[in-house]
Amino acid sequence: MATDSWALAVDKQESTTDSFGSLVIRSPPRGDAPPNKAKKGTTKQVEDGTNVEGEEKEDKAAQSLLNKMIHTSLVNTTNQVEVLQRDPNSPLYSVKTFEELRLKDKLLKGVYDMGFNRPSKIQENALPMMLAEPVYYPSGSRPQNLIAQSQSGTGKTAAFVLAMLSHVDPTNKWAQCLCIAPTYELALQTGKVIEQMGKFYPEVKLAYAIRGNKLDRGAKLQEQIVIGTPGTVLDWCSKLKIINPKKISVFVLDEADVMIATQGHQDQSIRIQRMLPKECQMLLFSATFEDSVWKFAERVVPDPNIIKLKREEETLDTIKQYYVLCSDKEEKFTALCNIYGAITIAQAMIFCHTRRTAGWLAAELTKEGHVVALLSGEMTVEQRAAIIERFREGKEKVLVTTNVCSRGIDVEQVSVVINFDLPMDKYGNADNETYLHRIGRTGRFGKRGLAVNMIDSKHSMNILNQIEEHFNKKINKLDTDDLDEIEKISN
Ligand SMILES: Nc1ncnc2c1ncn2[C@@H]1O[C@H](COP(=O)(O)OP(=O)(O)OP(=O)(O)O)[C@@H](O)[C@H]1O
């Protein structure tokens, strides 16, 4: 499946990229399927559409892309940014307006044209650091390096794009800023932001260092900004000598957590970084920060400043949780219909374990007259993003999905979540984290919610008990044959 649909998606992306205008010179090649996806058919798939091996890495990149596509505005957070400065004695700057950054007019215009009124939380601190003049030491000048971590949608990409555009000297016709991303699609997405923000600064040109974008050995790039994937960037810097790494003054490593999940990318990134001069500013961004990401970050970003923005914690405090006993999936469906018959549900998300169940359930609900959206594993990222977008806009009232498809997606307005199948890990134990993510709410969106868990076996009852124990919260039984009782739960 995937190769074709990915290829189609890429064709679509490329046709948009071609129309970007003056900024694109080395636009992405046509008809070249993204290399990392071409292998997808070789990944072993189990019946429910979840991959067994190698799934995590593919999923991470796809999830990142999906998040990028659905975050059309900033994700707000009430958490405070944590800043760890390399030099704790230097004053800590943060800005509340873009004007304070003294950007070139052309760039400020680009920023406002994108609808940004003021810097996001992470930008308030990251931008002054990234735009600061290098610090002078007796041994030479040193840039302000940065490691920044915050969840998707908090404004990291916009921040480093602005930093790259600000640092470029358009009169110099060589590569000055280098940005690497884990996949072809993620590189294209970032490229789009560069083009959008640089719309009024046409002197600055952008090149895509992605597989299939063939340039002759020794051909010299004239473009000042290069965005690409590690393998091709490495080739361009070393084997083909298209980029002179010694002339790079800003190096951005985006999506570090996704990067290290892909074999080979970590080494390639380190090899690229080793070719850059000491005075080059190194910037690394990541949505999550496990130990492995941190270790990698320390290797590629010397003497870093560190900015972290915690993800808002989800809780079950404002959620009413119930379970319904059934004997099979048909009975679960009847229970679901009874719930729909008794209470008014604005929008619901229904989680199934397998793609097949999700498809079946969506069809049954449709027969009952519901307007249903189905998120399914064989869809491209673009198709999934479009479905989530429609659901967010309220065009469909029910979203049926498998866990793999919806992992990491926030649809905040949903008040009812049905676990048609309970979340479990590959060993058949309760997957508490997923349970919390499916039905939990952040303090800010502390609206009351309702979660109904469908139980059809001893095993699923066991999972439910594990969940109760883990969260130390009792989940009450609901008799879906008793309409009065169902009505009560919505009060
Ligand atoms: N200061 C701002 N004001 C308003 N919107 C902004 C601002 N900065 C970024 N955005 C918008 O918010 C969304 C998320 O921003 P951005 O893509 O930079 O976040 P991110 O942290 O890099 O997330 P991801 O890794 O998923 O791309 C984008 O639609 C972007 O245009």
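Just follow the structure's listing: the first ligand is 1, and inside any ligand the first atom is 1. Here, residue 1 is the first one in the sequence, and each next residue gets the next number.
- Atom numbering of ligand 1 starts at 1 in the shown order; those under 4.0 Å from a heavy atom of E255 are 25 (O).
- From the protein, the heavy atom lying nearest to atom 30 (C) of ligand 1 is F116 CZ, 3.9 Å.
- If you check the side chains of E255 and S64, you find a donor sitting under 3.5 Å from an acceptor.
- The protein heavy-atom contact nearest to atom 19 (O) of ligand 1 is G155 N, 2.9 Å.
- Applying the 4.0 Å criterion to heavy atoms of R118 picks out, from ligand 1, the atoms 1 (N), 2 (C), 3 (N).
- The protein heavy-atom contact nearest to atom 18 (O) of ligand 1 is A158 N, 2.9 Å.
- At least one N or O atom of S152, backbone or side chain, sits closer than 3.5 Å to an N or O atom of ligand 1.
- A heavy-atom distance below 4.5 Å is found between the side chains of M282 and P302.
- Ranking protein heavy atoms by distance to atom 22 (O) of ligand 1, first place goes to T157 OG1, 2.5 Å.
- Two residues are said to be in side-chain contact when any heavy atoms from C-beta on lie closer than 4.5 Å; N419 and I439 meet this criterion.
- Residues in residues 144-173 take part in no salt bridge (charged side-chain N to carboxylate O under 4.0 Å, His left out) pair, two or more places apart or across chains.
- Which parts of ligand 1 touch S120 is read off a 4.0 Å heavy-atom cut-off, strictly below it: atoms 1 (N).
- Near Q151, meaning under 4.0 Å from one of its heavy atoms, ligand 1 places the atoms 21 (O).
- When only modelled atom types and interatomic distance are considered, Q176 and H167 share no side-chain donor-acceptor pair under 3.5 Å.
- At distances below 3.5 Å, not a single donor-acceptor pair connects side-chain atoms of N145 with backbone N or O atoms of D303.
- Protein heavy atom nearest atom 8 (N) of ligand 1, with residue, atom name and distance: Q123 NE2, 2.9 Å.
- Aromatic ring centres of F160 and F285 lie closer together than 6.0 Å.
- Using a 3.5 Å distance cut-off with no hydrogens or angles, the side chains of N305 and Q144 do pair a donor with an acceptor.
- Q151 and T154 are not linked by any side-chain donor-acceptor pair at a separation below 3.5 angstrom, with hydrogens and angles left out of the test.
- Smallest separation of non-hydrogen atoms from A163 and L131: CA-CD2, 3.7 Å.
- Neither the backbone nor the side chain of F160 has any atom closer than 4.0 Å to an atom of ligand 1 (non-hydrogen atoms only).
- Counting only heavy atoms of the protein, atom 29 (O) of ligand 1 lies nearest to H71 O, 3.0 Å.
- The protein non-hydrogen atom at the shortest distance from atom 25 (O) of ligand 1 is K68 NZ, 3.4 Å.
- In this structure, atom 23 (O) of ligand 1 lies nearest to the protein heavy atom G153 N, 2.7 Å.
- Within the 4.5 Å cutoff, the side chain of H353 has no heavy atoms near those of the T402 side chain.
- Where the criterion is an N or O separation shorter than 3.5 Å, residue side chain and backbone included, P119 fails it with respect to ligand 1.
- Assignment of F98 to the shell around ligand 1 is supported, since a heavy atom sits closer than 4.0 Å.
- Checked against a 3.5 angstrom limit, the closest N/O atoms of T154 and ligand 1 fall inside it.
- Heavy atoms of Q189 stay at 4.0 angstrom or farther from ligand 1.
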